[in-house]
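Since the structure comes first, as structure tokens, the remarks are kept for the end.
In this text, all values refer to a predicted model and were calculated from it rather than measured experimentally. Counting convention: from 1, in listed order, for ligands and their atoms alike.
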Amino acid sequence: MLTKKQMEKFAELAVLVGANMQPKQEVVIRCDVQCADFAHLIAEKAYKFGAKRVHMQWLDEELARIELMKAKKSVLSKVPDYDKAINKYFIKHKVCLISISAGNPNIFKGCKADKLEARQLAILKSRKEIRNATMSNYLRWTIVSVPTPGWAKQVFPDVDPQVAVNKMWDAIGHIMRLDTPDPTAAWREHIDTLHRRADFLNSHNFEYIHMRNARGTDLKVGLATGHMWIAAEEEGQDGVPFTANMPTEEIFTAPHNRKINGTVVNALPLVNNGNVIDNFSITFKDGKVVDYKAEVGYDALKAILESDEGVLSLGEIALIGKNSPIAESGILFYNTLFDENASCHLAFGASYPTTVKDGNSLTTEELAERGMNSSIQHVDFMVGTKDIDIDGIGYDGKVVPLFRNGEWVI
Ligand code: ZN
Ligand code: ZN
């Protein structure tokens, strides 16, 4: 368990390093009702550091499950208008967003796939504007996590529920560097290391990234023209830096959506929308999925890949060494925030406009021209195994080793 002081440090990290809230700014805390205690602590810290107003956007995964079981599909296919109106307010008032991600990965087990998909699509459509505002860094945002009983039980199924929650707190405390004497200083140092590697990658301006491992991955991912590798801290459109994911271990950029060829095999299960998809492989030709298989959760994978045209290409490639504290913990969290930071990953669907030079001032056509991908989806899946070798290939064909046996060599 964390001490009271460590909890306070954690909440401060979310406000100051994560969202980097500025004095007199409005803050939105978005989380499940089960995380109320930690949300209140964040609210308290936000006011302490000068927030003008703190909004709570409560989620309720149990209610969502009840709805999926009991409500009609036609009802689930529509999100009430007020949802758009609230998000419009948030954009207008340039809030910063702090989300607490703590979902039970199996909460929707037993719910009908078509209802789940209908609900998911309706939410994606309703939140399009606010998602654009966060993905383009118009609003600063961050995601942190705290354990909930349902989630902890999935991660540590063999122990008492309370013991499971405590084990989760210990793991998260270590990963968040809350067990160091000065967590803020530890984060600064970590962010600097990531930035040094991102600078190396940017200075080489690779045309392709080539990934290979014994599981069967042999994939060449072309990079968007004028791509930029981003790590840890990003810049909001107002010039204020922020850290979107806490924890974060990744260095990522945009693939070129017409230059991806080969096959990739997943390294960890993909948990999407309450479904687990595992032992799957995807084959690409000229940037598009042309074949896919899955031993577990084939229908769920199929549903993702049928959501629109853009989901058939990639919007992100991210590199993470196997010695990161999350990877070292050996824990499968069934939560993207942790698992995607434990392993190199790719994402089906939309790319971040911030991962290409001047991305936020380019038109949709100009972004497409550079190979940037658009979709209503952005679904990360893990591909980095302990034996993965990764090279950067320059426009002149020169090969630069980046990873050997799952770890950075630069
Ligand atoms: Zn990522
Ligand atoms: Zn992603």
Side-chain angles (χ1 to χ4, degrees), residues 18 97 99 101 103 120 124 127 130-137 141-145 175 190-191 194-195 197-198 201-202 209 211 219 221 223-224 227-234 242-257 260 264 266-273 277 282 289 301 304-305 307-308 310-322 324-327 333-356 359 371-385 388 390 402-403 408:
L97 288 144
S99 296
S101 162
Q120 173 83 345
L124 283 170
R127 308 251 160 100
I130 188 109
R131 197 170 55 252
N132 286 346
T134 52
M135 282 188 82
S136 66
N137 295 354
W141 54 285
T142 193
I143 311 178
V144 295
S145 268
I175 287 165
H190 171 53
I191 288 171
L194 293 174
H195 283 180
R197 289 189 176 128
L201 295 168
N202 284 327
I209 296 294
M211 310 178 134
L219 185 74
V221 180
L223 302 180
H227 68 273
M228 296 217 303
W229 290 91
I230 309 256
E233 212 169 45
E234 299 181 47
F242 69 103
T243 307
N245 287 352
M246 296 193 81
T248 183
E249 303 288 340
E250 64 174 339
I251 302 173
F252 65 100
T253 193
H256 191 299
N257 69 355
I260 307 158
V264 63
N266 75 307
L268 289 169
L270 160 58
V271 182
N272 181 258
N273 220 353
I277 307 166
I282 317 280
V289 175
L301 180 61
I304 294 171
L305 292 174
S307 32
D308 66 6
V311 78
L312 291 172
S313 193
L314 298 177
E316 179 186 353
I317 175 169
L319 306 180
I320 296 113
K322 68 179 175 189
S324 82
I326 305 175
F333 284 91
Y334 296 98
N335 179 301
T336 307
L337 180 63
F338 292 87
D339 295 332
E340 82 156 4
N341 274 301
S343 163
C344 295
H345 56 271
L346 303 168
F348 297 118
S351 50
Y352 293 88
T354 50
T355 48
V356 72
M372 298 293 281
N373 200 43
S374 66
S375 166
I376 55 169
Q377 292 275 25
H378 177 97
V379 181
D380 296 288
F381 61 101
M382 309 338 136
V383 301
T385 50
I388 198 161
I390 302 175
L402 301 175
F403 271 63
W408 288 101

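No side-chain heavy atom of Glu340 sits less than 4.5 Å from a side-chain heavy atom of Ile320. Taking 4.5 Å as the limit, some side-chain heavy atom of Ile282 sits within range of a side-chain heavy atom of Leu301.
Note on Glu250: its N/O/S atom closest to the Zn ion (ligand 1) is OE1.
Aromatic rings from Phe252 and Trp229 are positioned such that their centres are separated by 6.0 Å or more.
Rounded to the nearest 0.5 angstrom, Asn335 CG and Ile143 CD1 are separated by 9.0 Å. Taken to the nearest 0.5 Å, the OH atom of Tyr352 stands 8.0 Å off from the OG1 atom of Thr134.
Within the protein, the N, O or S atoms lying under 2.8 Å from the Zn ion (ligand 2) are Glu316 OE1, His378 NE2, Asp380 OD1, Asp380 OD2.
Between the side chains of His195 and Glu233, no donor-acceptor pair is found at a separation under 3.5 Å.
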